[in-house]
Each structure stands twice: as structure tokens, then as C-alpha cells.
Amino acid sequence: MSELEKSGYKGIALRLLQDAGCKIGDIVCVISRGRTYEGILIPRAERGDAATIVIKMKSGYNVGITAASKEVTVEKMGAGVKPAFASPTPPKQNTELPHVVIMSTGGTIASRVDYRTSAVHSVISATELYSTVPELADIAYVDTEMVFNLYSENLTPKHWTELAHRIADCIKQGDVDGIVVTQGTDTMGYTAAALSFALQNLPIPIVFVGAQRSSDRPSSDAATNLIGAVKVAAEAPFAEVGLAMHETVSDTVIVVHRGVKVRKCHTSRRDTFKSINGFPIAKVVDQKIHMQNETVFQCRDLSKQLVLKSEFCEKVALVKFYPGMDPAVIDFYVNQEFKGILLEGSGLGHVSTVCFEAIKNAISKGVIVALASQCIWGRVNMNIYDTGRDLQSFGVISLEDMFAETGLVKLMWVLGQTSDIEEAKRLLKTNIAGEFTLRTFPQEKNVYGAP
């Protein structure tokens, strides 16, 4: 099998390229229907149209050109090098700048595109990330560490615990002004919340950062996000767990959300993360940090001693109420000896009366049952309707204005700290890291600016 065939080419596209003497990495000119395309020949996606030739244009974007038309011609313009990722030499360090450690766990920010499959692979290390963003050398003296190399959907509470210990060890060694954690965006909000509970009395900021587009794409937000995150870790006046990503789809502002108040709200937009029932902590504009929230939960103070409480209980379930829900779902988790159930109720905090007996049974067997609203914005108020008042009388705990994901993580953390039911209830109602507020402020009319 030829190199071109191994790269996914077959049929008429393969014949045209072979006739022109082309190899992967060559600079080629493809003329189709009167239009001329010049670029680097790259592997064809294995699931793509067999009659398509794929080249990388000077703009950095890939274009697929159909070879099915009789009017298509291919010419080799020059020999090239097969596409491969090569990490540049790290920039020279300035030890007089603030010391920031970048810990990589994988995800899109640490990924590149496999041109054969068109899939994104998590392969770039923390060191390579630093090397590909030389602007960081003007902000901080950077060390890097690979903790995991996993897509975020594969991270579990055990990984949260390990990451918390790695961060704690780094802080205890001293001489570090901030830590940046790179992760995939899908579950980054969960991890940010988990570390907010696990790392208490922080002396420095811990800043999570990710990307919606892989680092080798022209539209990547990886570099801009990373620069903003390192700036915050190096210089911000607060010492909390935050998450730094694009405020809008443009590259003008990086916004820092509190780790227990941030949620991924869009599958692909670069401004996917929003602060829920709260305001961002800070923004980075033109390399300057602008504080946005007068309520800084913890201030930067290198003299503070970190308190590590990193255990999580995995026997906790998130159960979303829906019309027609079978209460046997709740019974299942009780029978499986789960320690906690987070109910995601409707509106102000309601579930069908059909579920009441199952809920009472769970609580009678020592299961902590808490309730958040599936509405995302707003707060639970179980005093308005008799349904809510009944749930309170059973012992269901209101999570105020916490949204479900943070509520789930907190319940896991609480049950990782104690097996005493009354102490667990007390911790659940205690504001540990700014996860709930006494007053919920109105949300903007439209978080994505659409009419």
C-alpha cells in the first residue's frame, strides 16, 4: 500500500495525485471548475468523500476539493515535509517575574488534529503548551507539569483528589505565586468546584483554563485563554479557584469565573462559560486585571497555610426529575447503598408527589437528599408551594442558588468528609467557597447577546 493510500486517498483522487507525483506534505496546485487552490497536501479523513483532495491553505484552514469533475487538474508545485507536530524551543525564562506552575490534565487546549481521522487527540504536554505561547515569558517565570493526559469526561473524583494533592504539594514547596490547571472544558466546571472545596485557606490563585478549539487551528482560543490565565495566576489579588476563558467570541477579554459559580453553557462557542447566580471575579483586558466582584472570598496572602480536604464520596447520584418519572429510580440508588442523592427539581424546587414515598424511604435509611433547581438561574424556595413545604418536612435540604453540578460536587465532598448525618447536613448548608449567596441577582437578558 502506497503512502497516499495509507493517508486515506483512493479512487480518482488517488489517481490524480499519483499521476502528478505528489506525496503528503508536498505543495500542490488544484484547479477545479475555474478556481485555483494552492496549499500543502495533507491526509484525507478516513470517513470523508473518497473523491476529495484535502490541502492546508496559507490561511491555516483546510479545504476539501472534489476530484470527481473532469475539469479537475493537480500539479505538484514543490516538495514538502509530511505534516507533524514539532514543539518549538521554550522561550528564555526571567526568574525575576512571578513564578507560575502550569499543570496539564489534557483536553482540547492540549490537543492537535489528526489529519487522517479529522479527530482531535490530546497529545501536547504542559511544556509544549508553554513553548507554543512565547508571550508567557513576559508575564511569569513558568514551570510545567503533566498530571494527567485525559479528556475531561474521563476524569473522576479520584482524579480530583490526586490533582488536589499535586497542587498542595506544589504550594507547600513554596516559591510559587500561582497555579494554572489546563483541562478539557466538558467537565472543567465540575473540577473547578471540586478543588474549591478541597483546597481551603488558599494563599495563591488556582486558575483553570481550557479551549474550545485545538491549539493548531487558526481559530483556536487556547493561546489567548492561557495568556489570560497565567496573568491572573501571577498577579491577581485574590486567592481562590477560578476559571479563565473568553468573555465573548472575540479575543478582546478573558473573564475569570468563581470555581463554584461557573457552568459550561454552549457546546462550541468560545464564550461557553458563564457565571451562574453571581458575577465574575475579574477580567483581563489588554494584559491588565480588572476586578469585577467586590466580594473576594479569599485574598492573596503567601503567609496563609493551605488546608487540604480532598476526599470525595462517589456513592452520590444526580437524579433529574421529569414528568412521568418512575420513583423506582430513587429506590435503585437506595438499594445500591448510595450515601447521597441530589434531586434536580423543577422550578422553585419541586418533584411529583408520586416520588414522595421513595424520598421519605431514602431519608429514613440515612441517605442525604438535597435539591437544586433545573432552571440554572434563580434559587430554590421550598416555602412557596405545599409541594416544597412537604419536601422540607421529609428532610430534603435546599441548595439555595447552587446549580445542580456544583451541588452534586459539594454533596460528594461533604460525604467524603464525614459519615455523620447531622454533620453532613451542617456542612452542606455552610458556605464553604462562595457556592451560594444570600441574594440572587437578576441575570442578563440574554447571555449570548442574541435578539
Side-chain angles (χ1 to χ4, degrees), residues 157 160-161 190 193-201 259-261 277 297 307-321 327 329-351 355-374 378-440:
W160 301 342
T161 297
Y190 288 90
L195 272 290
S196 299
F197 299 123
L199 301 170
Q200 298 183 14
N201 203 42
V260 288
K261 284 292 190 182
N277 295 329
F297 212 73
V307 177
L308 180 63
K309 297 184 176 182
S310 60
E311 296 305 313
F312 294 86
C313 173
E314 295 190 44
K315 299 289 281 186
V316 175
L318 174 60
V319 177
K320 188 184 185 79
F321 166 73
V329 173
I330 298 171
D331 294 331
F332 169 81
Y333 288 111
V334 175
N335 294 335
Q336 292 296 312
E337 299 184 343
F338 271 57
K339 306 300 182 184
I341 295 174
L342 191 287
L343 289 174
E344 194 174 338
S346 60
L348 291 165
H350 307 128
V351 298
C355 299
F356 280 10
E357 287 304 315
I359 293 170
K360 287 192 288 185
N361 176 60
I363 293 171
S364 72
K365 292 187 176 180
V367 179
I368 302 292
V369 180
L371 192 144
S373 177
Q374 56 192 238
R379 69 189 308 118
V380 168
N381 188 337
M382 297 163 70
N383 295 312
I384 304 297
Y385 296 100
D386 54 1
T387 300
R389 292 194 295 272
D390 287 341
L391 291 171
Q392 285 187 93
S393 71
F394 304 155
V396 175
I397 300 170
S398 165
L399 292 188
E400 304 292 342
D401 65 347
M402 269 189 281
F403 55 97
E405 291 90 339
T406 292
L408 175 71
V409 172
K410 185 174 184 181
L411 188 52
M412 287 179 165
W413 176 80
V414 164
L415 292 170
Q417 309 311 304
T418 182
S419 58
D420 181 83
I421 293 176
E422 292 307 313
E423 175 62 8
K425 290 179 180 179
R426 186 192 70 80
L427 285 173
L428 201 55
K429 295 176 182 179
T430 301
N431 200 13
I432 303 294
E435 63 272 20
F436 60 78
T437 53
L438 295 177
R439 179 185 176 194
T440 302

Apply side chain to side chain contact (heavy atoms under 4.5 Å, CB included) to residues Glu423 and Leu427 and explain how you reach the verdict.
CA-CA 6 Å; Glu423 175 62 8; Leu427 285 173; 3.8 Å; yes
Between Val316 and Tyr333, is a side chain to side chain contact (heavy atoms under 4.5 Å, CB included) present by the stated rule, with each step listed?
CA-CA 9 Å; Val316 175; Tyr333 288 111; over 6 Å; no
Apply the test side chain to side chain contact (heavy atoms under 4.5 Å, CB included) to residues Lys261 and Asp401: give CA-CA distance (whole Å), side-chain angles for both, the deciding distance (0.1 Å), then the verdict.
CA-CA 10 Å; Lys261 284 292 190 182; Asp401 65 347; 3.3 Å; yes
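Of all heavy-atom pairs between Ser310 and Ala198, the closest is CA-CB, 3.9 Å. When all heavy atoms of Ile397 and Lys429 are compared, the pair lying nearest together is CG2-CE, 4.0 Å. Closest approach of Val380 to Ser398, counting heavy atoms only: CG1-OG, 3.5 Å. Nearest heavy-atom pair across Gly349 and Leu391 is O-CD1, 3.8 Å. Glu311 and Gly416 make their closest contact through CB-O, 3.5 Å (heavy atoms, listed as atom of the first residue, atom of the second, distance). When all heavy atoms are compared, the tightest approach of Asn277 to Thr437 is O-OG1, 4.1 Å.
To the nearest 0.5 angstrom, Ile368 atom CD1 is 12.0 Å from Leu342 atom CG. Rounding to the nearest 0.5 angstrom, the gap separating the CE atom in Met382 from the CG atom in Leu399 is 9.5 Å. Here the straight-line distance linking atom NZ of Lys365 with atom NZ of Lys339 works out to 12.5 Å at 0.5 Å rounding. If you take CD1 on Ile330 and CD1 on Ile359, they are separated by 4.5 Å, rounding to the nearest 0.5 Å. Leu428 CG to Ile421 CD1: the interatomic distance, rounded to the nearest 0.5 Å, is 12.5 Å. In this structure, CZ on Phe394 lies 8.0 Å from CD1 on Ile363, to the nearest 0.5 angstrom.
A donor-acceptor contact shorter than 3.5 Å links the side chain of Thr161 to the backbone of Pro157. Side chain of Gln417 to backbone of Trp413: a donor-acceptor contact under 3.5 angstrom is found. Here the side chain of Ser373 pairs no donor or acceptor atom with the backbone of Leu348 at under 3.5 angstrom. Between the Glu405 side chain and the Tyr190 main chain, no donor and acceptor come within less than 3.5 Å of each other. Side chain of Gln374 to backbone of Phe321: a donor-acceptor contact under 3.5 angstrom is found. Checked by atom type and distance alone, the side chain of Arg379 never pairs as donor or acceptor with a backbone atom of Phe436 at under 3.5 Å. Panel note: side chain Thr406, backbone Val260; a donor-acceptor pair is recorded below 3.5 Å. Looking only at distances, a side-chain donor or acceptor of Asn431 sits under 3.5 Å from a matching main-chain atom of Glu435. Between the Thr430 side chain and the Ile432 main chain, no donor and acceptor come within less than 3.5 Å of each other. Gln200 places a side-chain N or O within donor-acceptor distance of the main-chain N or O of Phe197, the cut-off being under 3.5 Å.
Taking the charged nitrogens against the carboxylate oxygens, Asp390 and Lys360 have no contact shorter than 4.0 Å, which rules out a salt bridge.
Using modelled atom types, one finds a donor on one side chain and an acceptor on the other under 3.5 Å when comparing Asn383 with Gln392.
Under a cut-off of 6.0 angstrom, the local environment of NZ in Lys309 is sparse, with at most 12 non-hydrogen atoms contributed by other residues, nucleotides or ligands.
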